[in-house]
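Quick caveat: nothing in here was measured; it's all calculated off a predicted structure.
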Amino acid sequence: MDFVAAEIIARQTLISDKLPVDVKALCAKAGLQVRYAKLGKFRAFLINLGGYRIAVNRTLPLPEQRYGIARELGHYLLKHGPIGVHQNK
């Protein structure tokens with residue numbers, strides 16, 4: 001997905017009346033699994049293990065978890081990280 005397509009999705013999402021945005025539903029729509037684990041000092045990871053997943057630090061408050069998921073989803077949609085791991089501290 002390129003920047004223009006990601007921007008269109010973002011605008012459509014923000015126009016809806018459903019706030020806060022359901023970031024896990026957006027991940028599911030993009031074909032991403034979200035998993036929760038203790039990640040130490042990291043908020044979230046985007047990892048490719050035969051398919052992309054987002055690992056989220058379950059010990060953080062919900063708003064920080066949501067931020068981590070949204071940020072990693074953005075990296076995935078814009079094809080930012082290398083194949084492997086993108087870390088969100």
Shortest non-hydrogen contact from E72 toward A44 |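 Closest approach of E72 to A44: CG-CB, 3.8 Å.
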Which pair of non-hydrogen atoms, one from L39 and one from A55, has the smallest distance, and what is that distance?
-> CD1-O, 3.6 Å
Would you give the length of the straight line joining atom OH of Y76 to atom CD1 of I54, rounded to the nearest 0.5 angstrom?
-> 9.5 Å
Under a single-linkage definition using a 4.5 Å side-chain heavy-atom cutoff for Ile, Leu, Val, Met, Phe, Trp and Tyr, are L32 and V34 assigned to the same hydrophobic cluster?
-> yes
What pairs with [X] under side-chain contact (heavy atoms from CB on, under 4.5 Å), at least two apart in sequence or on another chain?
X: R58; result: Y36, K38
X: P61; result: P63, E64
X: L26; result: T13, V21, L73

Kindly say whether Q65 contributes a backbone atom to a donor-acceptor pair with the side chain of N57 at under 3.5 angstrom?
-> no
Is any side-chain heavy atom of I47 closer than 4.5 Å to a side-chain heavy atom of R53?
->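 Counting from C-beta outward, I47 and R53 do come under 4.5 Å.
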